[in-house]
> 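The structure is given below, and queries will be raised subsequently.
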Amino acid sequence: MRAIWTGAITFGLVNVPVKVYSATEDHDVALHQVHDADGGRIRYKRVCEIDGKTIPYEHIAKAYDDGERTVILTAEDLESLPAERSREIDVVEFVPNDQLDPLMFDRSYYLEPDSKSLKAYALLRKTLEDEDRTAIVNFALRQKTRLGALRVRGNVLVLQTLLWHDEIRAAEFPSLETTPRITERELSLSSALMESFAGDFEPEKFSDEYQEELRKLIDAKLEQGESIDTAVTFGEEPEEAKKGGGEVIDLMEALQRSVERSRGGGSPAAADGKKSAAKDKKAPAKKAKKPA
């Protein structure tokens with residue numbers, strides 16, 4: 001794995017330098033869009049609505065639109081913000097593990113200790129584990145100030161970004177305003193059914209069946225020859241055609257000349273003479289005029 005960010009966990013006078021790694025990865029089969037008629041790749045262009053030109057990434061800036069006015073924010077503007085320059089994972093408080101609502105969890109990251117901070121890292125990990133607590137932290141990542149939960153998973157510290165309180169919608173549904181009557185028998189049957197499905201959660205038992213079947217479908221099409229050269233999808237000429245196209249034309253021309261030469265006794269000129277002689281031979285003889 002490659003570290004995406006480096007910083008330090010800080011609380012009080014304690015400073016624990018760490019490297020941050022993405023803890024998850026996307027395993028979906030990558031698909032792209034093509035024209036169904038010929039397989040040509042579909043591309044989206046970054047076109048300016050004022051001059052109609054395609055804009056390279058280095059000239060694309062972010063902007064805020066309030067409906068009437070637009071404020072352009074350059075990369076330099078965003079980098080000047082104090083929060084973005086900070087490299088600290090600042091501990092705000094330590095809370096009991098069961099107080100965190102799983103609905104707040106967003107993305108997960110592994111924290112690796114810097115080679116000089118092994119003892120401080122191990123001490124923090126052990127304390128969190130023994131006290132059954134999670135550290136609530138503030139930090140900045142990718143131009144955003146974030147709230148996070150620092151907890152223990154095995155022998156590693158895991159940083160999970162949390163959604164802000166106002167980012168979680170309230171579950172307000174009229175259908176839930178009334179509570180239907182549930183009998184003891186219904187509850188007993190429901191509990192029995194649940195018990196029949198009871199077990200310990202083992203993540204490795206589950207797999208993404210859709211992605212597995214999609215991969216099988218793609219492999220089957222490849223084996224059956226239902227594919228086209230990738231270069232063709234970009235509108236490029238296949239390498240085979242680039243290398244052999246001229247040779248095919250030259251070969252056909254050479255073959256044609258060889259055939260003509262063999263028919264004409266060794267040269268194109270002889271072939272032309274032979275054709276003329278044959279023509280004269282086939283032409284009917286003119287009748288002599290009778291004397292008057």
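Residue numbers count from 1 along this sequence.
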> Under the 6.0 Å and 45° cation-pi test, does R46 pair with Y57?
yes
> Does anything in residues 189-214 pair up under salt bridge (Lys or Arg N to Asp or Glu O under 4.0 Å), and if so which pairs, sequence neighbours excluded?
E213-K216
> If you group Ile, Leu, Val, Met, Phe, Trp and Tyr by side-chain heavy-atom gaps below 4.5 Å, do V20 and V137 land in one group?
yes
> Could you state the interatomic distance from CG (N138) to CD (E88), rounded to the nearest 0.5 Å?
11.5 Å
> Hey, could you give me each pair passing salt bridge (Lys or Arg N to Asp or Glu O under 4.0 Å) that has a residue in residues 89-115? Not counting sequence neighbours.
none
> Applying a strict under-4.5 Å side-chain criterion to I, L, V, M, F, W and Y, I'd like to know whether I136 and Y109 cluster together.
no
> What pairs with F105 under ring pair (Phe, Tyr, Trp, His ring centres under 6.0 Å), at least two apart in sequence or on another chain?
none
> Treating Ile, Leu, Val, Met, Phe, Trp and Tyr as nodes and any side-chain heavy-atom pair under 4.5 angstrom as an edge, say whether F94 and L100 lie in one connected cluster.
no
> Using distance only, find each side-chain donor-acceptor pair of residues 170-181 under 3.5 Å and give its atom names and separation, not counting sequence neighbours.
none

> With clusters defined by side-chain heavy atoms of hydrophobic residues (ILVMFWY) lying less than 4.5 Å apart, directly or transitively, does I168 cluster with L147?
yes
> Give, for atom CG of L141 and atom CZ of F139, the distance between the pair rounded to the nearest 0.5 Å.
5.5 Å
> When you group the ILVMFWY residues by side-chain heavy-atom contacts below 4.5 Å and let the links chain together, are L193 and I182 in the same group?
no
> Tell me whether the count of non-hydrogen atoms from other residues, nucleotides or ligands lying under 6.0 Å of NE2 in H165 goes above 12.
no
> Does any non-hydrogen side-chain atom of V158 lie less than 4.5 Å from one of L111?
no
> Which residues, ordered by chain and number, are linked to Y210 in its hydrophobic cluster, where ILVMFWY side chains connect at heavy-atom gaps below 4.5 Å, directly or through other members?
V29, L31, L214, I218, L222
> Which atom pair, heavy atoms only, marks the closest approach of L73 to A61?
O-CB, 3.8 Å
> How long is the gap from CZ on R43 to OG1 on T54, to the nearest 0.5 Å?
13.0 Å
> Would you mind writing out the side-chain donor-acceptor pairs for residues 149-156 within the sub-3.5 Å range, not counting sequence neighbours?
| residue | atom | partner | partner atom | Å |
| --- | --- | --- | --- | --- |
| R151 | NE | Q160 | OE1 | 2.6 |
| R151 | NH2 | Q160 | OE1 | 3.4 |

> Can a donor-acceptor pair be found, under 3.5 Å and without considering hydrogens, that links the side chain of Y110 to the backbone of K19?
no
> Rounded to the nearest 0.5 Å, what's the gap from CG on D36 to CD1 on I42? Could you check?
9.0 Å
> Under a 3.5 Å distance rule, please check whether S188 uses its side chain to pair with a backbone N or O of E184 as donor and acceptor.
no
> Under a 3.5 Å distance rule, please check whether E186 uses its side chain to pair with a backbone N or O of T183 as donor and acceptor.
yes
> Which atoms form the tightest heavy-atom contact between Y121 and V18, and what is the distance?
CD1-CG1, 4.1 Å
> Does any part of the side chain of S22, heavy atoms only, come nearer than 4.5 Å to the side chain of I4, both counted from C-beta?
yes
> Using every non-hydrogen atom in the two residues, find where A140 and W5 come nearest and quote the distance to one decimal.
O-CZ2, 3.5 Å
> Hey, what do you get for CZ (R133) to CG (L128), rounding to the nearest 0.5 Å?
10.0 Å
> Under a 3.5 Å distance rule, please check whether T127 uses its side chain to pair with a backbone N or O of L123 as donor and acceptor.
yes
> Examine the side chains of T134 and N97 and answer whether a donor and an acceptor come within less than 3.5 Å of each other.
yes
> Atom CG of L157 and atom CD1 of I89: how far apart are they, to the nearest 0.5 Å?
9.5 Å
> State, yes or no, whether a side-chain contact exists between R69 and Y64 at a heavy-atom distance under 4.5 Å.
no
> Please assess V47 against I55 for the test side chain to side chain contact (heavy atoms under 4.5 Å, CB included), listing each intermediate value before the final yes or no.
CA-CA 6 Å; V47 178; I55 309 302; over 6 Å; no
